[in-house]
Amino acid sequence: MEIGKKVSHTAHCLVLSYPAQGHLNPMLQFSKRLDHKGVKVTLVTTLSMFKTIHRASSSSIALETISDGYDEGGMANAESIQAYLDRFWQVGPQTLIELVEKMNVSGCPVDCIVYDSFLPWALDVARKFGMLGVVFLTQSCAVDSICYHAQKGLLKLPLTGNEVSLPGLPPFQPQDMPSFIYDLESYPAFFDMVVTGQFATIDKADFVLCNTFYELEKEVVDWLAKLWPLKTIGPTLPSMYLDKQLEDDKVYGFSIFEPNSEACMKWLNDREEGSVVYVSFGSLAALEAEQMEELAWALKQSGKYFLWVVRASEEAKIPKNFPEKTSEKGLMINWCPQLEVLAHEAMGCFVTHCGWNSTLEALSLGVPMVAMPQWTDQSTNAKYIMDMCRMGLKAPADEKGIVRKEAIEHCIKEILEGERGKEIKENAGKWKKLAKEAMAKGGSSDKNIEEFVANLISFK
Ligand code: UDP
């Protein structure tokens with residue numbers, strides 16, 4: 001069989017995603033890649049998430065649900081993060097078993113579960129049915145390696161000293177580490193899930209897939225590959241932005257907020273090449289009101305055109321009358337088609353919270369970044385953007401943890417007009433090329449996906 005061409009289905013994979021936009025996007029995209037290479041895929045998430053998502057008609061991937069115990073509202077309806085995760089861990093595995101049983105009698109038996117590393121109990125479900133259990137990491141290999149070291153007790157916590165040295169990674173300042181590790185008290189429930197739970201059984205999985213690409217994280221990938229059967233399979237952007245092997249694959253397909261696409265693209269079309277500052281903090285981050293204010297005035301003071309995504313739940317923090325005062329220069333919307341925006345020729349730079357998907361998207365589309373990390377893995381991603389990829393600047397925070405308007409404005413101007421901006425733009429072009437090559441036929445990630453599919457078929 002020639003892999004890489006659309007063929008009749010050879011194996012059936014359940015792809016189980018944690019219910020968050022930043023997990024659904026890469027796992028859905030990976031599902032499309034498997035489907036393209038002849039594997040039947042059913043994407044699975046929680047019923048509460050299923051009820052929220054807007055689905056693009058172009059997505060051909062079947063969607064099924066399990067329960068997190070909060071079928072109405074998900075985490076937002078739980079008493080606490082801990083209560084949500086406890087209930088999810090009780091109810092999730094049983095409902096996943098029921099789903100597999102339903103599929104096995106429906107004439108479409110399951111051969112493999114590709115599970116989000118945040119939901120490690122899915123490995124036991126795969127084993128119960130004698131299926132392949134494959135873990136999918138949605139964070140960078142650098143972050144995974146740091147958390148793995150912490151879980152195994154190889155990284156002593158709380159952190160002491162000035163510098164952290166780990167194999168395959170550059171020296172990190174403590175504040176460049178993921179927030180759960182740098183500040184142990186910040187989110188204890190997430191620490192248990194992201195650090196302890198995620199890596200306790202990773203060495204037992206049949207394969208470990210990671211949404212990154214070899215050329216981006218060579219040293220740490222080589223190091224982790226000695227421990228795990230690791231395959232880098234990213235960046236997981238829709239194919240039309242990269243290798244174009246999947247015809248018409250232009251959008252992820254599931255969105256938890258409805259994008260205001262028309263207004264946004266129309267506005268961008270009227271802007272000059274490389275002139276717009278795009279600002280977004282992703283689907284989850286909540287900024288301090290003071291931070292929001294500093295950002296607003298930085299945008300105004302910069303005198304640049306800006307497109308600012310502020311989710312409805314964050315709108316109350318926008319300074320009074322700011323949209324009216326800046327309407328000639330700025331457009332503010334609740335959600336946008338981020339890929340289309342980043343790929344637009346008017347794009348100048350991206351002020352980002354450095355979520356891993358946003359980072360990979362900007363890198364793949366060659367957009368320089370102003371890094372303003374907020375929590376979880378974002379500070380480590382920011383370090384990569386600035387020091388390893390050298391395709392952005394991190395706007396420094398003051399002792400209160402607030403990034404002041406002068407710092408943001410300086411980074412924006414430096415990128416759009418300054419000397420450093422020239423080098424940053426050159427590097428951005430290089431990373432764009434490397435990302436595309438990784439996913440193109442014969443590229444590092446494409447080869448890894450083919451090998452994975454071949455293993456899946458031979459297992460069946
Ligand atoms: N996104 C989008 N429209 C927006 C803002 C974000 O489509 O207005 C998408 C973005 O392209 C990315 C995802 O939402 O794929 C956010 O994931 P990321 O890992 O960057 O951040 P998170 O939301 O998990 O913090």
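Ligands are counted one by one from 1 in listed order, and the atoms in each one are counted from 1 as well.
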- Message: Only heavy atoms of Val309, strictly under 4.0 Å: list the atoms of ligand 1 that pass.
- Response: 8 (O)

- Task: Pick one of side chain, backbone, both or neither for how Gln338 approaches ligand 1, counting any non-hydrogen atom pair under 4.0 Å.
- Result: both

- Pull out every atom of ligand 1 sitting under 4.0 Å from any heavy atom of His353, numbered as shown with elements. 20 (O), 21 (O), 22 (P), 25 (O)

- Query: Relative to each other, are the rings of Trp375 and Phe180 parallel, tilted or perpendicular (30° and 60° limits)?
  - Reply: perpendicular

- Message: For atom 13 (C) of ligand 1, what is the closest protein heavy atom, and at what distance to 0.1 Å?
- Response: Asn25 ND2, 3.8 Å

- Message: More than 12 heavy atoms of other residues, nucleotides or ligands under 6.0 Å from NZ of Lys152: yes or no?
- Response: yes

- Query: Can you tell me the protein heavy atom closest to atom 9 (C) of ligand 1 and the distance?
  - Reply: Trp335 CZ2, 4.0 Å

- Task: Quick one: look at His23 and ligand 1, take heavy-atom pairs under 4.0 Å, and tell me if it's side chain, backbone, both or neither.
- Result: neither

- Task: Using a 4.0 Å heavy-atom threshold (strictly under), name the region of Trp356 that reaches ligand 1: side chain, backbone, both or neither.
- Result: backbone

- atom 11 (O) of ligand 1: the protein heavy-atom neighbour that sits closest, reported with distance to 0.1 Å: Glu361 OE1, 2.7 Å

- Task: Take the angle between the ring planes of Phe306 and Trp308 and call it parallel below 30°, perpendicular above 60°, tilted in between.
- Result: perpendicular

- Query: How are the rings of Trp267 and Tyr305 set relative to one another: parallel (under 30°), tilted (30 to 60°) or perpendicular (over 60°)?
  - Reply: perpendicular

- Nearest neighbour in protein (non-hydrogen) for atom 8 (O) of ligand 1: Cys336 N, 2.9 Å

- Item | Within-4.5 Å side-chain heavy-atom neighbours: Gln29 and Tyr252 | yes

- Can you list the atoms of ligand 1 that are under 4.0 Å from a heavy atom of Gly355? 18 (P), 19 (O), 20 (O), 21 (O)

- Query: Are any of the N or O atoms of Ser283 closer than 3.5 Å to those of ligand 1?
  - Reply: yes

- Query: Given Phe257, which of Ser313, Cys336, Ser283 fulfils the side chain to side chain contact (heavy atoms under 4.5 Å, CB included) condition?
  - Reply: Ser283

- Task: Answer yes when Lys400 and Glu288 have at least one side-chain N-carboxylate O distance shorter than 4.0 Å, and no when they do not.
- Result: no

- Task: Take the angle between the ring planes of Phe452 and Phe30 and call it parallel below 30°, perpendicular above 60°, tilted in between.
- Result: tilted

- Heavy-atom nearest neighbour in the protein, as seen from atom 20 (O) of ligand 1, with distance rounded to 0.1 Å: Ser358 OG, 2.6 Å

- atom 24 (O) of ligand 1: closest protein heavy atom, distance to 0.1 Å, is Gly22 CA, 3.7 Å

- Query: Would the Trp121 and Tyr115 ring centres measure less than 6.0 Å apart?
  - Reply: no

- Note on the structure: ligand 1 atoms nearer than 4.0 angstrom to some heavy atom of Gly282 are 23 (O)

- Query: Could Asp249 and Arg33 be called an ion pair, given the rule that one side-chain N must be under 4.0 Å from one carboxylate O?
  - Reply: no

- Worked verdict on Lys320 versus Glu293 for salt bridge (Lys or Arg N to Asp or Glu O under 4.0 Å): CA-CA 10 Å; Lys320 212 163 166 273; Glu293 199 159 317; over 6 Å; no

- When you look for heavy atoms under 4.0 Å from ligand 1, do you find them on the side chain of Asn357, its backbone, both, or neither? both

- Element-labelled atoms of ligand 1 that are located less than 4.0 Å from some non-hydrogen atom of Ser280: 5 (C)

- Region of Phe281 that comes within reach of ligand 1 [heavy atoms, distance under 4.0 Å]: neither

- Message: With heavy-atom distances below 4.0 Å as the criterion, list the atoms of ligand 1 near Tyr252.
- Response: 15 (O)

